[in-house]
*Asks:* 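Here it is: the structure, laid out below.
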2 protein chains.
Amino acid sequence: MKFSTRAEYGLKAMVNLAKDHPAQKSIKEISKSKEISVKYLERLINELRKSDLVKSQRGKNGGYMLAKKPSLMKVGEIIEVVEGPIVPMNCAGKKCAMLNKCSSQIVVWNKVGEQIKKTLYGIKLSDLI
Amino acid sequence: MKFSTRAEYGLKAMVNLAKDHPAQKSIKEISKSKEISVKYLERLINELRKSDLVKSQRGKNGGYMLAKKPSLMKVGEIIEVVEGPIVPMNCAGKKCAMLNKCSSQIVVWNKVGEQIKKTLYGIKLSDLI
DNA sequence: TCAATGCATACTAATTAAGTAGGATTAAAA
DNA sequence: TTTTAATCCTACTTAATTAGTATGCATTGA
């Protein structure tokens with residue numbers, strides 16, 4: 001029950017951009033401490049761009065900037081972009097037929113999922129600066 | 001951001017035992033629908049035994065039973081036994097030095113972790129019968 | 001003693017996460 | 001117009017984790 005490094009890297013990159021908003025920064029600048037592969041981060045940010053959380057400028061002197069103000073961005077939406085939907089258990093498929101019906105346990109996963117979403121969508125990017 | 005099948009199987013087994021509490025049941029009975037490897041479930045339940053959530057009787061006609069009443073057992077403790085501690089991000093180690101300090105993000109992971117625990121420890125096994 | 005059960009350990013397979021490589025595309029600057 | 005520095009795209013490789021299997025030992029009631 002963990003978030004992956006994608007959530008960590010993605011969020012860190014966004015915080016980094018938020019600190020200098022609305023400045024535009026290149027990948028190299030964003031990952032300047034070199035503790036992470038530039039290429040890997042590049043792809044992550046690209047996904048954030050495709051989901052319209054960041055804007056990009058191609059070509060020389062290009063880079064990235066936030067697509068909206070940090071106060072309008074929720075941690076939850078960032079994480080869902082890089083990690084996929086927040087659902088703590090995929091209750092579909094063959095496995096769910098085992099033992100008895102799993103109707104009782106769905107209650108558990110749903111409650112947990114709701115709480116996680118509530119928490120993550122309750123934190124603004126601007127809260128982390 | 002998902003729980004593994006260990007949480008699913010473990011919880012289902014416990015619900016199964018809870019339904020007939022305080023009866024004793026063998027692994028075969030617990031997993032009677034055969035949608036899961038008996039051996040795999042055996043090991044899972046063994047871990048629950050070592051953590052004193054179930055009691056076992058070895059030998060012929062042996063089996064398992066809950067170590068306490070379903071109303072005294074929390075879903076959270078079951079899941080932590082089979083899945084390990086509920087912490088949504090391991091903020092230790094080299095990676096945490098990347099980009100800037102990660103002090104701001106720790107707030108996020110801590111909040112989420114607390115909410116998940118609160119939710120899971122707020123559900124009794126007896127609530128799932 | 002036999003058979004049915006739990007217990008322990010090691011091994012293998014499958015899946016997912018993480019990281020790497022190479023080059024195409026774009027646009028500013030020289 | 002050429003060079004250069006940046007994003008964008010796709011495929012591949014490696015590492016880590018999860019899931020499942022196999023084998024045999026230990027225990028106990030019939």
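Note that these values count all heavy atoms, side chains included, but never hydrogens, waters or copies made by symmetry. Every chain is numbered from 1 and lettered A, B, ... according to where its sequence line falls, protein lines coming before strand lines. Please read these numbers as outputs of a predicted model, since none were measured by experiment.
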*Asks:* Take the protein atom CZ of A:F3 and the nucleotide atom P of C:dT16, then report the distance between them rounded to whole Å.
*Replies:*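 Between P of C:dT16 and CZ of A:F3: 18 Å.
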*Asks:* Hey, does A:K2 reach any base, or is it just sugar-phosphate, or nothing, if we go heavy atoms under 4.0 Å?
*Replies:*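 Nothing, no nucleic acid heavy atom in range.
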*Asks:* Return the nearest nucleotide to the side chain of B:N46; candidates are C:dG6, C:dA8, C:dT9.
*Replies:*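 Minimum distance to the B:N46 side chain belongs to C:dA8.
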*Asks:* Do the charged groups of B:E47 and B:K50 touch, with an N to O distance under 4.0 Å?
*Replies:*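 No, B:E47 and B:K50 are not salt-bridged.
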*Asks:* Which comes earlier along DNA chain D counting from the 5' end, the contact point of A:M1 or that of A:E42, where each point is its nearest nucleotide?
*Replies:*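 Final value for this comparison: A:E42.
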*Asks:* Under a 3.5 Å cutoff, is there a donor and acceptor pairing between the side chains of A:R43 and A:N46?
*Replies:*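 The criterion, which ignores hydrogens and geometry beyond distance, is not satisfied for A:N46 and A:R43.
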*Asks:* Looking at every heavy atom in both A:S71 and A:S126, which two are closest together, and how far apart are they?
*Replies:*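 It is CA-OG, 3.2 Å.
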*Asks:* D:dA19, OP1 or OP2 - any side-chain N/O from B:S4 closer than 4.0 Å?
*Replies:*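 So the side chain of B:S4 is within the cut-off, an N or O lying under 4.0 Å from OP1 or OP2 of D:dA19.
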*Asks:* Taking atom C1' of D:dC9 as reference, at what distance in whole Å does atom CD1 of A:I45 sit?
*Replies:*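 It is 16 Å, rounded to the nearest whole Å.
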*Asks:* Take atom CD of A:Q24 and atom P of C:dA27, then tell me their distance rounded to the nearest Å.
*Replies:*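 In whole Å, C:dA27 P lies 12 Å from A:Q24 CD.
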*Asks:* Is any NZ, NE, NH1 or NH2 atom of the basic residue among A:E77 and A:K68 found under 4.0 Å from an Asp or Glu carboxylate oxygen of the other?
*Replies:*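 Looking at A:E77 and A:K68, the cut-off is met.
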*Asks:* Using OP1 and OP2 only, check whether a side-chain N or O of B:T5 sits under 4.0 Å from D:dA19.
*Replies:*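 B:T5 to D:dA19 OP1/OP2: side-chain N or O found under 4.0 Å.
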*Asks:* Are any of B:K39's side-chain N or O atoms less than 4.0 Å away from OP1 or OP2 of D:dA22?
*Replies:*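 So the side chain of B:K39 is outside the cut-off, no N or O lying under 4.0 Å from OP1 or OP2 of D:dA22.
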*Asks:* What integer distance in Å separates A:I36:CD1 from C:dG19:C1'?
*Replies:*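 In whole Å, C:dG19 C1' and A:I36 CD1 are 10 Å from each other.
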*Asks:* Closer than 4.0 Å, any side-chain N/O of A:R49 to the OP1 or OP2 of D:dC8?
*Replies:*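 Checking D:dC8 against A:R49, a side-chain N or O does come within under 4.0 Å of OP1 or OP2.
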*Asks:* Starting at CD of A:E8, measure out to CE of B:M89 and round the result to the nearest 0.5 Å.
*Replies:*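 Going from the CD atom of A:E8 to the CE atom of B:M89 covers 5.0 Å.
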*Asks:* Just the rounded figure in Å: distance from P of C:dT15 to CZ of B:R6.
*Replies:*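 Distance check: B:R6 CZ to C:dT15 P gives 18 Å.
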*Asks:* Using a strict heavy-atom distance below 4.0 Å, which residues from residues 55-62 of chain B are in contact with DNA chain C?
*Replies:*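 Correct list: B:S56, B:Q57, B:R58, B:G59, B:K60, B:G62.
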*Asks:* Hey, are A:Y121 and A:E80 close enough side-chain-wise for a donor-acceptor pair under 3.5 Å?
*Replies:*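 Yes.
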*Asks:* Need to verify one output field. Residue with the more 5' nearest nucleotide on DNA chain C, B:R43 or B:K25?
*Replies:*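 Mapping each residue to its closest nucleotide by heavy atoms, the 5'-most match is B:K25.
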*Asks:* Closest approach of A:K2 and B:V87, non-hydrogen atoms and distance?
*Replies:*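 For A:K2 versus B:V87, the nearest heavy atoms are NZ-O, 3.2 Å.
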*Asks:* B:L17 has an atom CG; how far is it from atom P of C:dG6, in whole Å?
*Replies:*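 Rounded to the whole Å, the gap is 11 Å.
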*Asks:* Please give, in whole Å, the distance from C:dA8 P to B:I27 CD1?
*Replies:*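 Nearest whole value for this atom pair: 13 Å.
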*Asks:* What is the distance, to the nearest angstrom, from the CD atom on A:E47 to the C1' atom on C:dA18?
*Replies:*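 Distance check: A:E47 CD to C:dA18 C1' gives 13 Å.
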*Asks:* Hey, is the side chain of B:Y40 poking within less than 4.0 Å of OP1 or OP2 on D:dA22, counting only N and O atoms?
*Replies:*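 No, outside the criterion.
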